[in-house]
K.L.:
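Take this structure, written in structure tokens, and hold onto it; I'll ask about it next.
This is a predicted model, so every value here is computed, not measured.
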Amino acid sequence: MKRNAADGLFAKSSILALKVYMGKTAKRIVAWGQIFFILCCICYSTYSFFIGNFEQAFLPYPILIIYYLLFLRRTRKKEHSEESNLNVC
């Protein structure tokens, strides 16, 4: 069977579309995982407070602070650097 240039173009465009779709899907999965993790920490802390186990209730807060420092501040720095690069140009 003879192949032409249109077949190659279609194959490249479909692979590119699949990569873009998987990238969005992967970001959504990570985002939902982070939301689930934070909610679990808060629910565990609230449950421990109601039981009266105060040491266990304060356990998730250092984890949430480390989460904030590692993930959220890094993304804010990236957004800020991208905005400054756009303003320079």
K.L.:
With sequence neighbours left out, write down each residue that passes ring-ring contact (aromatic ring centres under 6.0 Å, His included) with F50, or none if nothing qualifies.
P.N.:
none
K.L.:
Please output the side-chain donor-acceptor pairs of residues 58-67 that fall under 3.5 Å, not counting sequence neighbours, one pair per line with the distance.
P.N.:
unit_1, atom_1, unit_2, atom_2, d
Y61, OH, S45, OG, 3.1
Y67, OH, Q34, OE1, 3.1

K.L.:
Is it true that V30 and W32 fall in one hydrophobic cluster, defined by side-chain heavy atoms closer than 4.5 Å?
P.N.:
no
K.L.:
When clusters are formed by joining ILVMFWY residues with side-chain heavy atoms under 4.5 Å apart, either directly or through shared neighbours, do I29 and F37 land in the same one?
P.N.:
no
K.L.:
In the hydrophobic clustering that connects Ile, Leu, Val, Met, Phe, Trp and Tyr at side-chain heavy-atom distances below 4.5 Å, which members other than Y47 occupy its cluster, ordered by chain and number?
P.N.:
I51
